[in-house]
Every structure is written in structure tokens, then in C-alpha cells.
Protein chains: 2
Amino acid sequence: MSDQQNKYEHLDEETLFIVSQTFKALSDPTRIRILHLLGERECNVSEIAEELSLMQSTVSHQLRFLKNLRLVKFRRAGTTLFYSIDDEHVMTLLHQSIHHARHD
Amino acid sequence: MSDQQNKYEHLDEETLFIVSQTFKALSDPTRIRILHLLGERECNVSEIAEELSLMQSTVSHQLRFLKNLRLVKFRRAGTTLFYSIDDEHVMTLLHQSIHHARHD
DNA sequence: AACATATATGAGCATATGTTCATATAATAA
DNA sequence: TTATTATATGAACATATGCTCATATATGTT
């Protein structure tokens, strides 16, 4: 029989990268606010900026970040882009964390 | 009757702070590796450094970070400090994320 | 075409972050 | 006490991050 040392199974590089990227997306207050708002309703860029008192440019930059990670998606209506959530799993993580922050 | 506008309920500052801090802790590969290892077994500082091929100083700095957020705790045995997980909820978030990273 | 509106993008800047090196501290042993 | 081992800490550095400003692009309108 082989040794019963039960060596530790390291996380592989790819998993580590994906996981850290995901949490990084959720680690910034501005992105959390944007995701939380989009969790309530679909919004265009200027609506987000106004509702959250952010510069249009700030919102646009963060939306690009979130879109690259496929956490949000958008549909076009003329010159207006409506953004919405594209990753329910990440929203679940966010909502769990919010729930715990409030009840701990 | 009042308007049925259903205004958006903003996240309060404190929740936002706690949530972003929590995810920030999980957003760094080194901290993820340390937490994941401690999720398997209690370890002292040098064990962590050796198992993960990190400098003792790096491990110690990150453990302080995690301890400040009360994600880990330690017990003393002579000059040796054994660290272990102190926040099962955050470990749940981590494990969920790892699971999804592997299956998506 | 010219113009208006909505959004995206690049550069610059200030701040935050993570690692390393050198050294300090703490507990124990001789 | 001195030496040894384990861990913590501060400073310095390089890189990453997030915001703002100015401007570009894209669509629609006249």
C-alpha cells in the first residue's frame, strides 16, 4: 500500500486566476454598487451614473471591466446601451456577502 | 396613496465597506492559496511558507492582513504559531467560487 | 452634410497593493 | 546570559488600481 501522508492538493494556476479575478471584480465599492443596481433592474450608462452619483466616464470604464469578465452584458437601443447582469453565480456570491455583512 | 416609483435602495456605506473588504481579501492569489491550505489543515507559518513556496515574510504579512479581518486565528505552541480558519462563511464563498471556476 | 446625444477610450495622476530585504521581537534551550 | 528558532515588522520598491479630463466614436435627427 502507498503512504497515508495525504499530501495537500494545490490549487491549479487556472482556477487560482479565475477565482482571484472574480473576487477582484467584487472588491471595489464602485463595481459593487453598479452590480447591485443592475441586480435590481436593467439600466443604461447615464442612469447608472445619475443613480450612483458617478461620472459617466467612471461608469463606462467599470462597465468595460465587468463586461470583459462577462459579469454584465448590454443590448443596444439607438445610441443608448442598456446593461444588465450576465453572471447569476457572481450575483449570488455578492448577495450572500451583503446578507452576512448585515447580520454578523 | 404614495407614488409607485419603487426607488432604488442604495447599499449603505458600512455594508459596502464590509463587503468590499471581504472580497478584497479573496482577490489575491497568495491569500487564496493560504486560506485554501488552512481550509485543509491547521498550519504554522513556516509550514505555509514551505508548502506554498513563499517567503516567510510574505506569509507573515498576509496572515496579519487575514487576521485583521478575522478570517484566520492562531494558537501558540512555544515559539510556533498555528494558524487556522476563523470565518467559515468566507470559506464557503471561496469554495463556491472554486467550484464554479472548475465547472464553468 | 451638420448637429445632437450617448457612450467609449486614452493619458495622466494619486493612491493602494504585494513582495522583498533587513531587522526586531518572543519564546525556549543550554 | 547567550544562543537558537519561529515569527513579526518597517522601509523601500515596483506594479496595479481607480478616477478625472479631454476627446473620440457611434447612432440618430434635421
Side-chain angles (χ1 to χ4, degrees), chain A residues 11 13 16-38 41-84 86, chain B residues 11 13 16-38 41-84 86:
Chain A
L11 285 171
E13 272 302 318
L16 201 54
F17 179 74
I18 296 173
V19 170
S20 60
Q21 285 259 108
T22 301
F23 286 126
K24 187 152 301 188
L26 296 169
S27 72
D28 175 69
T30 300
R31 286 192 293 271
I32 292 175
R33 294 172 75 213
I34 293 174
L35 287 172
H36 185 255
L37 172 57
L38 294 181
R41 56 179 163 96
E42 184 190 54
C43 285
N44 64 46
V45 179
S46 357
E47 278 173 352
I48 299 172
E50 193 179 11
E51 186 75 78
L52 304 181
S53 303
L54 296 169
M55 304 237 60
Q56 175 267 319
S57 174
T58 299
V59 174
S60 191
H61 278 298
Q62 295 294 9
L63 285 172
R64 178 169 56 175
F65 181 107
L66 296 171
K67 190 156 50 67
N68 287 341
L69 287 180
R70 300 184 190 272
L71 303 192
V72 302
K73 65 189 175 204
F74 66 88
R75 67 177 175 85
R76 180 180 284 280
T79 63
T80 303
L81 304 184
F82 285 94
Y83 280 82
S84 57
D86 197 28
Chain B
L11 285 171
E13 273 301 319
L16 201 54
F17 179 75
I18 296 173
V19 170
S20 60
Q21 284 259 107
T22 301
F23 285 127
K24 187 152 301 187
L26 296 169
S27 72
D28 176 69
T30 300
R31 285 192 293 270
I32 292 174
R33 293 171 75 212
I34 292 174
L35 287 172
H36 186 254
L37 173 57
L38 294 180
R41 57 180 162 92
E42 185 190 54
C43 285
N44 63 47
V45 179
S46 0
E47 277 173 352
I48 298 173
E50 192 179 14
E51 185 75 77
L52 304 181
S53 303
L54 295 169
M55 305 236 57
Q56 176 265 320
S57 175
T58 299
V59 174
S60 191
H61 278 297
Q62 295 294 10
L63 285 173
R64 177 169 57 174
F65 181 107
L66 296 170
K67 190 157 50 65
N68 287 341
L69 287 180
R70 300 184 189 271
L71 303 192
V72 302
K73 64 189 176 203
F74 66 88
R75 66 179 176 85
R76 180 179 285 280
T79 63
T80 302
L81 303 184
F82 286 94
Y83 279 82
S84 58
D86 196 28

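In what follows, chains carry the letters A, B, and so on, assigned in the order in which the sequence lines appear, proteins first and then strands, with residues in each chain numbered from 1. All figures in this text were calculated on a predicted structure; none of them were measured in a lab.
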Separation of [X] atom [atom1] from [N] atom [atom2], in whole Å?
{"X": "B:Arg75", "N": "C:dA27", "atom1": "CZ", "atom2": "P", "result": "16 Å"}
{"X": "B:Leu66", "N": "C:dG18", "atom1": "CG", "atom2": "C1'", "result": "13 Å"}
{"X": "B:Leu54", "N": "C:dG18", "atom1": "CG", "atom2": "C1'", "result": "11 Å"}
{"X": "A:Gln21", "N": "D:dT17", "atom1": "CD", "atom2": "C1'", "result": "13 Å"}
{"X": "B:Phe65", "N": "C:dA16", "atom1": "CZ", "atom2": "P", "result": "13 Å"}
{"X": "B:Arg31", "N": "C:dG18", "atom1": "CZ", "atom2": "C1'", "result": "8 Å"}
{"X": "A:Ile48", "N": "C:dT7", "atom1": "CD1", "atom2": "C1'", "result": "11 Å"}
{"X": "A:Leu26", "N": "D:dT17", "atom1": "CG", "atom2": "P", "result": "14 Å"}

*Compare all side-chain heavy atoms of B:Asn44 with those of B:Tyr83 and state whether any distance is below 4.5 angstrom.*
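No, too far: nothing below the 4.5 Å cut-off.
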
request  = Using a 4.5 Å cut-off on heavy atoms from C-beta on, say whether the side chain of B:Leu71 contacts that of B:Thr22.
outcome  =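 B:Thr22 vs B:Leu71: side chains apart.
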
Strictly under 3.5 Å: I want the nitrogen or oxygen pairs between protein and nucleotides 5-9 of chain D, one per line.
residue: D:dA6; atom: O4'; partner: B:Thr79; partner atom: OG1; Å: 3.2
residue: D:dT7; atom: OP1; partner: B:Val45; partner atom: N; Å: 3.3
residue: D:dT7; atom: OP1; partner: B:Leu81; partner atom: N; Å: 3.2
residue: D:dT7; atom: OP2; partner: B:Ser46; partner atom: N; Å: 3.0
residue: D:dT7; atom: OP2; partner: B:Ser46; partner atom: OG; Å: 2.2
residue: D:dA8; atom: OP1; partner: B:Tyr83; partner atom: OH; Å: 2.6
residue: D:dA8; atom: OP2; partner: B:Ser60; partner atom: OG; Å: 2.9
residue: D:dA8; atom: N7; partner: B:Gln56; partner atom: NE2; Å: 2.8
residue: D:dA8; atom: N6; partner: B:Gln56; partner atom: OE1; Å: 3.3
residue: D:dT9; atom: O4; partner: B:Ser57; partner atom: OG; Å: 2.9

Are A:Lys24 and D:dT17 close enough that a side-chain N or O sits under 4.0 Å from OP1 or OP2?
->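 It does, given that an N or O in the side chain of A:Lys24 lies less than 4.0 Å from OP1 or OP2 of D:dT17.
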
* Asked: Is the shortest side-chain N/O distance from B:Gln62 to OP1 or OP2 of C:dT19 below 4.0 Å?
  ->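 Yes.
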
Checklist entry - Taking the side chain of B:Thr30 as its heavy atoms from C-beta onward, which of C:dT20, C:dT19, D:dA26 lies nearest to it? => result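 Nearest listed nucleotide: C:dT19.
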
In the strands shown, is D:dT30 matched to any nucleotide by a Watson-Crick or G-U wobble pair with both distances under 3.5 Å, and which?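 D:dT30 is paired with C:dA1.
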
